[in-house]
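To start, the structure under review is shown below, and the notes come after it.
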Amino acid sequence: MSTRLIQHLKNKCEADANVAILYAQWEFDQKLVGKALENIGGFYPHFSNHNASHSQQILVNIERILGNDVDLLSATDAWLILEAAYWHDVGMLVDAKNAKEVHTNPDFNFMIQTIANEKGHDLQKFCQAYVEQNWLSAIGTVDHPFDGIEKYRQLIAEWFRRGHDKRVGKLVEDPFKDLGITSPRTELLPNRIYRYLGQICVSHGMNFDTLMETLPYKQTGLGTEDCHPRFIGCLLRLGDLFDLDDNRFCPVMAKHVSNMPSVSKHHHDKHLSLREFQLDKRTVKLVAECPDEMSYVETQNWFGWIREEFQNQMSQWNLIVPSEKFGALPTIEQLDVRMEVKNKEGVKIEKVLLDNKPMKFSVDEGKVIELIQGANLYSNEISIVREIFQNAVDATLLRIWVSKNKLNWEEINPFHNDFKEVLKDYPIEIDLEKVNKENGVSYWVLKIIDNGVGISINDLKYMQKIAGSSKNIEKKKILDKMPLWMKPSGEFGIGLHSAFLLMDGLDDEYKKIEIISKSYFSNETLDILINSPLSAKKGYCFISKRNDLDREVGTTINISIKSEKFFNHKNRALRLEKIILFLIKILLIMLGGNHF
C-alpha cells in the first residue's frame, strides 16, 4: 500500500482548506475505481493483474523513485499521481454495449483481417474463418463451444487492449456514462483538473515525443498551488514499467482459461524470471534469468523499454521536473537478461545478444515471393534449395581465396588442375533425411556441411535483412579483390530468408533453421537457431557460443522441409530427379564452375 503519498496528500489538505476537496475525492475514488478494476480480470483472465494491486504497486514504485522528494509535491500533484495510478487502465473495462458494437466497426474488422494474415498469432485460424465465412464459423473452428467462445472473448479483449490508453481520457471525464463508476463530478473540483488527469492517463501509452508535446509542463492547480501534468505522466510511465515482480499473474484467474495464448505464457515466464530487483532514489538494478527463448525475448524487450524511457526522460529532465530540488532520476546500475545456463554434454551453453537486443530475422512473405520471382531468382521451391547450396559454394570459394593456398592467381581458372586439387581439401557434404516423430509428424531435414569461411557474430548482424550482407564493408573489400569467376553469384541472405517458404505447412516448432558454424575470421564457434518469421516465434534468432576449439572452420546447416514440398504422389519421381541433378551439379561446380 502506498502510505506515504496518501499521507502526504492528507497532510497538505488538512493544512490548506483550499485543497481539502482533493483528499475527499481521493477517498471516494480509491474505493470506487479499485472496485471497478476488479472486473478487468473477467475479460482478461489470460493477462497479468490490472486490478487495484497493480495501481498500488505503481504508487509504491513512484515512492521509491522519489524518496524524500515526495514531500516536495503540491497537493494537486500528489492527487494526480494517486488518481492516475488507479484510472489509467479503466480503458480495459468492457461494457456489453460497446463489446457488441465493435462487431460492425470497420477498424475492428480490419484488425481481424490483419490477425488472419499474421502467421503464428494465436488467433490466426480463428480470424481466417471469421474473414472467409463469419463469426459463427470462427467459433466452430475448435472442438468445444467453450473454447470457441473463449477465442471470441480473447479477440474482443485484444481490440479493447489495443485502444485502452486512448479511451481512458473520455472515461475519466465521464466515468458513469459507459462504465457506471459513480465517482462524483461536481463544481467543487474544476473540470479542467479532470481533463489534466485524463491526459496523464492517456500518456502512459504515448511515445515519448508525443507526451512532451501534449502534456503541459505547468498549470494552475487548486488554491494557490501549481500542478505539473508532464511530470506526473512521466512518473506514471516509470511506475507502470517497474511493476514486473513475480506475482503479477493470478493463478485463480489462469484456471479460467482453457487455452492460454502463447504470448501470455511468455509474459508469465518473464515475471517469474526476475532474480534481482533494486529500485530506489539512487539505483535501478534488474537481473532476470529466463527458462526459454521467448520469455527471454519478452524480458529483454521490457528491459529495453525501461532503458529507453530513462534515456528519454533524463535527456529532457529540466523540461519535466517541477524544480531542481527534486534532483535527478536514479542511475541504472544493471539491466541484465540471461538464459538459464544449461549443460549439454558437459559444456555450459549461454545465449548471446547482438547490441543488447534479441536478433530477429524479418520477412514479408508476399514481398519475398515478389522479389525472388520478379527477379527470376527462384521459379519454384527447387530453385530456393539451389540458392542455399550456392551459399555453401560461395563460402568455400571465399575460404580458398583468403587462405591463399600458394596458388598463382594470375594463371588460375576454375578448370586449372591446381585449383581442382585445392578443392579436394574443402569438400561439401549434402544429406537429406526423413524425420518421423512419435506424434505422427513427418518432415525432411536438408543438411549441408561446408568448409567455408563460417559465420561470425558480425556476419549475423548483416544477415538479419534480405541481401543485408551487401552492406558488410569489410567482407566487400575482400570480395572486390577476388577474380570475377570466384565472386559470389548472389547475396548471402536471400536464399536463407527464402528457405522459410519451404517450411509452409509445418507446425511452428519445426519452422526453424539450425546452424553450427566456426568463423575463419573470428575463430568463434556458434550454435544458431533461426525461427521462421512466418511462425509464432516471429523470426527470433538465438545464438550460443560454444567452447569447441577442436572444431574445423566451416558451417553445418539443417533446414526442415515439409514432405509435400518435394515428395508427393503426383510428382515424386520428377522432384527426386531434380534434387539428384542438383547434387550432381554442386559437385561439378566444385570441380570447375560456379553456375548451373
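Only a predicted model underlies this, so the values are computations on that prediction, with no experimental measurement involved.
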Is there side-chain contact between [X] and [Y], with at least one heavy-atom pair below 4.5 Å?
X      : Y      : answer
Leu272 : Leu274 : no
Phe542 : Met294 : yes
Ile557 : Glu514 : no
His271 : Leu244 : yes

Can you see whether [X] engages [Y] through a side-chain donor-acceptor pair at a distance of less than 3.5 angstrom?
X      : Y      : value
Ser258 : Glu150 : yes
Asp394 : Gln390 : yes
Thr396 : Asp450 : no
Thr299 : Arg338 : no
Thr555 : Ser517 : yes
Ser48  : Arg248 : yes
Lys265 : His268 : no

Assess the residue pair Trp485 and Phe419 against the criterion (ring pair (Phe, Tyr, Trp, His ring centres under 6.0 Å)); give the C-alpha distance rounded to whole Å, side-chain angles, the decisive distance to 0.1 Å, and a yes or no. CA-CA 13 Å; Trp485 61 267; Phe419 183 70; 5.0 Å; yes

